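Computed from a predicted model, the values in this text were never measured in an experiment. In the text below, chain A, chain B and the rest are named by the order of the sequence lines, each starting its count at 1.
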Amino acid sequence: MPKEIQIKVGFGDQFRDLTVRIQDDDVKPWQPGDRLNLIGQSTPRVDAVAKVTGTANYSYDQKPKGMIYGKILRSPHGNADIVSIDIDKAKKLPGVRAILTAPEIFEDESARYAGAEVAAVAADTEMQAEAALRAIEVEYDIKPHCVTVEDARKEGAPQVGRGEQVNVARISPRQRRGRRGSNSDMDERLARQEAAVGKVIQDSDVVVEGEFSTQVQTHAPLETHGSVCSWEDGRLICWASSQATFGFRNELTSNWGGVRAKSCQILSEYVGGGFGSKFSAGREGVLGALLAKEAGVPVHLMLDRSGEQLSAGNRPDSLQQMKMGVNKDGVIQGTRIRSWGTPGTGTGGAGAHNDGIYNIGEVDKIEYGVRTNTGGAKAHRAPGWPQGAFALEQMMDMAADEIGMDRVEFRKKNDEHPIRKVEYDIAKDRIKWNRSLTRNGGAEICQGLGIASNLWFSAGGGGASALVRITKDGQVEVRNGAQDIGTGTRTVMGMVVAEELGLEMNQVATRIGNTDDPQGPASGGSTTIGTVTPAARLAAFHAKKELMEIVADRKGWDASELDLKDQEVWRIGEGSTGMTFESACALMDDDAIEVLKGRPRRNYEGFSDTNAGVQAAHVEVNQATGAVKVLKVVAVADAGKILNPLTSESQVRGGVIQGVSFALFERRIMDRQKGRMLNDDFENYKMLGSMDCPEIDVVLLDVYNGKSNTQVMGLGEPPIVATAAAVANAVSDALGVRMYDLPITPKKVLEAIAKRDAAKEVPAQKKGERL
Amino acid sequence: MEQQDHSAMEHQQVFKKLSVNGEPHSVGFSVHHSLLEVLREQMQLTGTKHGCELGECGTCTVLIDGQPVLSCLELAVECEGREITTVEGMMIGNDLHPLQEAFADLGAAQCGYCTPGILMTAKALLEENPAPTRDEVVSALAGNLCRCTGYHKILEGIDWAAAKMRGDEDFRPPREAIYGDPLPGEEPSDA
């Protein structure tokens, strides 16, 4: 039975009372004015000392007794079928203990991109494994390839896939199959929509349009994908570089890939980054487990950097055609969107979120997925959003300029988010929006400002339990089997428990990254913290209640009047009873109190279902060289209640640098002739480094959103959404010419300048037309 | 033929005296192994991380005779007679090195994978230049990639450690704040 309680929700000077129904055993969300000891205080990571002393052991560092090394053979061809694989010579080489072939394991003879797994070897040393890979003889049926969206969309382009698979497929709105409404109904509906929205746009005061493109970005975590696998009496123990320990386990116990472990434990205490690419065990995880099984000894199979860049995931590219009708009062009337993107050899998962955030009127949007012979996309930190925001935010500036309205005021006019409305003004203030700068290409070195917004949905949900144990000698630990990939989940889980029990951080041990512990979520959708911390707080609350009942029973006090604060037992409203936490624990008859609690399945009604953010960028562009330098980014972020400003700020900064890196540097380069990736390394795949790093001014709002007992929302993804869009707007502002294509390299800047200057000489050029 | 050559090399073990973190070690390893492999596999010093094995990411940085070196590109056989320092040798007795302390307190280690390499680079910098400017710190770190933190906390951690090592106890790096709250150390206003 849910119970009704009164809470305050809101932020700043916008608080209101709300009656919410919460799960009957849940604890009331923290309220403004509550005296909190740890929550809201910058708290160093609980595993920081392990990380700075080199004692933090990652998957790559594991070395169970007898361990040997696994390596993967990859196809060098852009598109091929594997005709035969001869492993006889390789098998006889010294040190070789197991060889598997991909067609056999994955029941798939195709190698549809250069980098596709063909075979795997386990040998006593890495060099022996590499020698064995070279000795494997593979006969390929080489087919023509397409490695770019442009090539794959051409009339008569070679087929990327197999069987009936077409290169281009509509992915949104989805085709309906065999259910009510046929495809021809859908086509009719889309035609009606196109006509109706087309009319709305045409009837608007002003029409703006543009075609925008973004590149493929790889995740590039510093620790590559892979695992160390060991079979012990039929049980698979797997130290995995994973951002979803339970998902990884479920794959290795399922039929997929044929590992089918009867029992499996995943251990991921330390993970060297993931950014969305480490949800699945992947082919490398399956091959590692099966090599270890066949070899009969533990196998270390971590990808090398090339394998990581080729096959371990990326953010798909995009081509987005946008057309927007706007009235002179600043209200957007309608938007037409057509977009294409390649998720590799499939069609799903390459959409661009270019219709979110603002109210953009009537929408006519169709998205296509384009197969190419390239490494597959994976969820990448806010999948679809940075590329969509880039196109949408350029359009917002173009529209504002066209009707002569301030770019921020125009956004406010089409945005109802109560938090973002405040954030615009903070961002404007911190970036000095109205300052005078040498804009519009007015000097060799010119500067500009840009603004963009973000939106996310990360209050968390069911699917996590936490175990809190308080021992008779006063030790406390909290366990949850999910991983911490650097986000700070582990630290914040400990903070929540310490806060609830009135303890200091160093009195609570945190155990994570082990699937033998209670169920936890994937580090995905920025929902981890909002999923784990309410479970941890709830378990701590009930453990405290049990302890207080023991104290009350022994002392003849009323348990409902007791609480724990400042490491002592308090009488609520009166102060300390003088009994320490340790002496309270010593009253237990049993060795320990153990409470396992699941997170309430539902989120409660609260202040806002989405978290909001606004970012502003200040850039400098050298018109002689085309070089762009991002001087400053102001990142205003809402993540519900801020539990730990240190880890929150760190997430925002991390998102911003990846966004700047996406805006200016990173891109997968494919060789269209040979069909393979040219920059499968860190030398030619340029990522932002210390010298490219802008000043980042992080502004954290503290929002009592009431969605759960900790009210927190995740912050992994939201901060990357707006950055590239804001940077691109700032570059356009500095140059006085729109940037349509990421990354903004010096070459593209110089080309844009040349086109701008050429256009100035042709006054008849239609306004708003793409240069 | 090529394969036989390789496996022959595998058996070509050498024994060398390596001085690591101030202690001499007699270590046997294959002649072609990099310092990174020998540290991690023969000496169990896994604090030094693998990132790319191509000398591109800085993750495997160690100090050789005080200079930052990419251990994935350094042959272990060439390290005899030189003083090697890894992250495991950074603590001063039972205390964290000021850089380690500052990195831990400020959150300069996020996923932590690049951290040992960055600490090594920073240690070499501060030993040569006790009061580096921000530009000097930034360019010293140009060869160390970090994908998580956004670099700022690393830069501030180095500033803070440098101040502590110079005996400047008053230096305070900027800290996080929640919008609208007074900054730590500031009194709330009466208004």
Nearest non-hydrogen partners of A:L646 and B:D105, listed with the distance: CD1-O, 3.4 Å
Heavy-atom pair of closest approach, residues B:A104 and A:V52: N-CG1, 4.1 Å
For [X] and [Y], indicate whether the former's side chain and the latter's backbone hold a donor-acceptor pair under 3.5 Å.
{"X": "A:S690", "Y": "B:V138", "result": "yes"}
{"X": "A:R653", "Y": "B:Y151", "result": "no"}
{"X": "B:Y179", "Y": "A:G12", "result": "no"}
{"X": "A:E683", "Y": "B:E56", "result": "no"}
{"X": "B:R147", "Y": "A:H219", "result": "yes"}
{"X": "B:E53", "Y": "A:R305", "result": "no"}
{"X": "B:K49", "Y": "A:E223", "result": "no"}

Can you say whether [X] sits under 4.5 Å from chain A via the side chain, the backbone, both, or neither, judging by heavy atoms?
{"X": "B:L45", "result": "neither"}
{"X": "B:L96", "result": "side chain"}
{"X": "B:S139", "result": "both"}
{"X": "B:E41", "result": "both"}
{"X": "B:Q100", "result": "both"}
{"X": "B:L145", "result": "both"}

So for [X], is it side chain, backbone, both, or neither that comes closer than 4.5 Å to the heavy atoms of chain B?
{"X": "A:Y270", "value": "neither"}
{"X": "A:V271", "value": "backbone"}
{"X": "A:I657", "value": "side chain"}
{"X": "A:F275", "value": "side chain"}
{"X": "A:S306", "value": "neither"}
{"X": "A:A56", "value": "backbone"}
{"X": "A:R490", "value": "neither"}

Distance, nearest 0.5 Å, that separates [atom1] of [X] from [atom2] of [Y]:
{"X": "A:M687", "Y": "B:C57", "atom1": "CE", "atom2": "SG", "value": "8.5 Å"}
{"X": "A:L222", "Y": "B:T59", "atom1": "CG", "atom2": "OG1", "value": "4.5 Å"}
{"X": "B:T46", "Y": "A:Y58", "atom1": "OG1", "atom2": "OH", "value": "10.5 Å"}
{"X": "A:I642", "Y": "B:I178", "atom1": "CD1", "atom2": "CD1", "value": "6.0 Å"}

Selection from A:L700, A:D61, A:V49 maximising heavy-atom pairs under 4.5 Å formed with chain B: A:D61
Contact winner vs chain B - A:L688, A:T55, A:D124, A:T487, heavy-atom pairs under 4.5 Å: A:L688
Would a 4.5 Å heavy-atom cut-off, applied to side chains only, mark [X] and [Y] as touching?
{"X": "A:K51", "Y": "B:Q110", "answer": "no"}
{"X": "A:M127", "Y": "B:H32", "answer": "yes"}
{"X": "A:M302", "Y": "B:H50", "answer": "no"}
{"X": "B:Q44", "Y": "A:K63", "answer": "yes"}
{"X": "B:D135", "Y": "A:M691", "answer": "no"}

B:H152 and A:E649: CA distance, side-chain angles, deciding distance, side chain to side chain contact (heavy atoms under 4.5 Å, CB included) verdict: CA-CA 11 Å; B:H152 285 255; A:E649 200 180 285; over 6 Å; no
Largest heavy-atom contact set with chain A, pairs under 4.5 Å, which of B:G47, B:C52, B:G55: B:C52
Top of B:K153, B:M91, B:R40 for chain A proximity - count of heavy-atom pairs under 4.5 angstrom: B:R40
